[in-house]
Number of protein chains: 2
Amino acid sequence: MSEDDVLRMIEQAVIDHRLPPGTKLKEVELAHFFGVKRGTIRKVLTRLVYSRLAVQQPNKGVTVAKPSVKEALDLFSARRAIERSILESLATKITIKQIKQLRKILDEEQCCYQSSDSQRAIVLSVKFHTVLAFMAGNEVMTEYLKDIIRRTPLVILTHLGDMSQNLCRNQEHDAIVDALENGDGEKASQIMSQHLSHIENCIQEEPKSIKKPNLAALLLKVPQ
Amino acid sequence: MSEDDVLRMIEQAVIDHRLPPGTKLKEVELAHFFGVKRGTIRKVLTRLVYSRLAVQQPNKGVTVAKPSVKEALDLFSARRAIERSILESLATKITIKQIKQLRKILDEEQCCYQSSDSQRAIVLSVKFHTVLAFMAGNEVMTEYLKDIIRRTPLVILTHLGDMSQNLCRNQEHDAIVDALENGDGEKASQIMSQHLSHIENCIQEEPKSIKKPNLAALLLKVPQ
DNA sequence: GGGGTTAATATTGTTAACAATAATTTTATA
DNA sequence: TATAAAATTATTGTTAACAATATTAACCCC
């Protein structure tokens, strides 16, 4: 198992709270679990810390990050700024083919909702946002957006009981594509903004209490 | 000399082109130069790569990044989006005290220009932008802006002969503060946008040719 | 039993030697 | 002399042992 694989697995476990905020990420334990050397785990942890999914305390190791409410709000605000710029740019140059491509993603997403495959619905929802960024063509902003999206589930789950009903709403995604089709970037970004607000407004003051998890929780690939 | 010190020094050398794009950063050479272990240099290089100031090729080491013209343009575009959001937010809540604080920075900057201390003028110009971000209070965006600012000199110098005449213009900084004082975030961000365009428009197609530098160039702390 | 000190263990951090790969030089041969 | 193969050197990548620190457990005294 490669370094990237290990990173992805731990990242995913952090993102969907199988490894809750505050969990200590012990090097030897993880190394043994994944069947890799400690050095590999160390590199992975460095990268996790860099992406703010984890926090490092000198001589005390790294733990899963416990983002504050402020960080959550800042993240949403930054996301709004970036997605606005993306949509305004994209509205001036989007092609019919791209519109169709977006609608295809939304159709699939809709299917998942109807068949209650929320796991895959989330993936498609994320894909919708990142594809928008990709189409706009600004790689710097795409990277920033990906970074934000990576961090969002952690900040949400830290201050929310459950995210399952706080997903992106399909009809808003539809409305964004409609606005883009009409070349109205202003409107698209306005919808996006309130779209994000739906999630943002649910953020509560108090973080959830955490119980110490068994590391083997990583094995469970299904969040619930 | 600590890891952070070494990072800062190499970073600064990359930023002001004493270590031009494409320069190979050899581990033992750097370790010997700074009087640290190779492991320390390795960590520093990892961080440099992460911030996109350097590029890593497996088994071939890391070299100073050679950003493309597109990356330069993307960076400016992203910066525009972020600073716009910062200014719009700040305009609604800036205090008189903060206005004075900003003006003080600009006065100092003006002094430096008049005494031809362009080295320090750059520092103050950067400070102006980062203080704006800090005042707006969004830490995520502040981090992104810092990241962009860190990368900007490299992309500019790669596609420009010299940056010394392409600095931020003081009167535009003044106008931004004026707009903020009037609570007009819209106008402030518009000025900021054209402010950035002045620099952006000078970006050329062809990257400069590079000659292999002596590593001891790092010793020269003064760019010229 | 509680508070605090010391010892034992666990965990992170560092290092130097080794392995693997790439770059360079040398040598052989046409 | 030019080319290609081989040998040498330089450079990056990995590992396991060691050191330093923090955490836990044991112990003692009151």
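Because only heavy atoms are used, hydrogens play no part in the values below, and waters and symmetry mates are left out as well, while side chains stay in. Naming: A, B, ... by sequence-line order, numbering from 1 per chain.
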Working for salt bridge (charged side-chain N to carboxylate O under 4.0 Å, His left out), residues A:R151 and A:E71: CA-CA 10 Å; A:R151 290 160 69 180; A:E71 181 173 338; 3.1 Å; yes
Euclidean distance, atom CD of residue A:E27 to atom C1' of C:dG13 [Å, nearest integer]: 8 Å
Side-chain donor or acceptor of A:E143 paired with backbone N/O of A:V140 under 3.5 Å: no
A:H195 and A:H129 aromatic ring geometry - parallel, tilted or perpendicular at 30°/60° bounds: parallel
Close side-chain approach of B:I176 to B:L102, heavy-atom, < 4.5 Å: no
Test applied, side-chain contact (heavy atoms from CB on, under 4.5 Å); reference residue, B:L30; option that passes from B:T40, B:V44, B:I41: B:I41
Whole-Å distance separating the CD atom of A:Q57 from the P atom of D:dA22: 11 Å
Separation of D:dT21 C1' from A:N59 CG (nearest whole Å): 5 Å
B:L30 CG - D:dT12 P separation (whole Å): 9 Å
A:K93, NZ: over 12 other non-hydrogen atoms inside 6.0 angstrom: yes
Nearest-Å distance for atom pair CG/C1', residues B:L45 and D:dT11: 13 Å
A:K24 NZ to D:dT21 C1', straight-line distance once rounded to whole Å: 11 Å
Rounded interatomic separation in angstrom, taking CD from A:E3 and C1' from D:dG13: 12 Å
Nucleotide-resolved protein contact map, nucleotides 14-19 of chain C, B/S/- at heavy-atom distance under 4.0 Å: BSSB--
Rounded distance in Å - NZ (A:K26) to P (C:dG13): 14 Å
Contact under 4.0 Å: B:K60 side-chain N or O vs C:dA23 OP1/OP2: yes
